[in-house]
Amino acid sequence: MKNLFGGHNDALAAAGAAGGEGLSMVQLGRGLALACVLLAVGSLILAAAYCYTSLAGSTAHLLQLLILAAAAFAGGFSAARGAGRKGLWHGLALAALLLALLLAANLAGLTAGEVALPAMLVKGLALGLAGGLGGIVGVN
């Protein structure tokens with residue numbers, strides 16, 4: 001039996017020693033967790049500022065988009081830094097996961113309002129740019 005599985009394990013060890021071919025799911029998970037924590041903290045701070053100051057609604061929406069982009073940048077940076085390779089792909093994958101979570105939360109009714117295609121496109125563009133840039137900076 002040892003010879004039956006020996007070749008398979010050697011191939012896996014060689015692929016791991018070569019630095020791996022694909023994305024690191026563990027690092028993506030860590031980056032996503034960091035992005036979610038930063039997004040939650042930033043949103044709470046923004047909500048407090050909105051309630052206790054005379055912050056306009058349009059300004060609050062812009063600031064929320066900036067908080068979302070900053071969280072994607074930090075998550076992409078963290079994922080790519082941990083993986084040590086493929087920074088752009090780690091950042092873009094993190095942005096896609098974060099956008100999917102936002103869409104799922106919106107469809108589940110956890111957010112106010114309906115799913116608006118233009119708003120999701122703007123969020124997707126901001127997430128993709130920030131996550132990709134964070135991934136590139138994280139590897140370099």
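Not measured: the values here are computed from a predicted model.
Between Ala130 and Ala72 the shortest heavy-atom distance is CB-CB, 4.2 Å. What you find for Gly124 and Leu99 is that their closest heavy atoms are CA-CD2, 3.8 Å. Residues Ala60 and Leu55 share a closest heavy-atom pair of CB-CD2, 4.1 Å. Considering all non-hydrogen atoms of both residues, Leu101 and Cys36 come closest at CD1-SG, 4.1 Å.
One hydrophobic cluster, built from ILVMFWY side chains closer than 4.5 Å, holds both Leu127 and Leu88. Leu68 and Leu107 fall within the same hydrophobic cluster, defined by Ile, Leu, Val, Met, Phe, Trp and Tyr side-chain heavy atoms under 4.5 Å apart, directly or through other members. At a threshold of 4.5 Å between side-chain heavy atoms, the hydrophobic network of Ile, Leu, Val, Met, Phe, Trp and Tyr places Leu133 and Leu65 in two separate groups. Residues Phe77 and Val139 fall into different hydrophobic clusters, defined by Ile, Leu, Val, Met, Phe, Trp and Tyr side chains chained together at heavy-atom separations under 4.5 Å. Under a hydrophobic-cluster definition in which Ile, Leu, Val, Met, Phe, Trp and Tyr are linked whenever side-chain heavy atoms come within less than 4.5 Å, directly or via other members, Ile136 and Leu125 are assigned to different clusters.
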Determine all donor-acceptor pairs shorter than 3.5 Å in which one atom belongs to a side chain in residues 22-35; sequence neighbours excluded.
unit_1: Ser24; atom_1: OG; unit_2: Gln27; atom_2: N; d: 3.3

Name each donor-acceptor pair under 3.5 Å that joins a side chain in residues 41-51 to protein atoms two or more places apart or in another chain, with its distance.
unit_1: Ser43; atom_1: OG; unit_2: Leu39; atom_2: O; d: 2.8
unit_1: Ser43; atom_1: OG; unit_2: Gln64; atom_2: NE2; d: 3.1

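Checked by atom type and distance alone, the side chain of His90 never pairs as donor or acceptor with a backbone atom of Ala83 at under 3.5 Å.
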* To do: Just do the side-chain contact (heavy atoms from CB on, under 4.5 Å) check on Leu103 and Lys123 with the steps written out, would you?
  => CA-CA 10 Å; Leu103 184 61; Lys123 286 179 184 176; over 6 Å; no
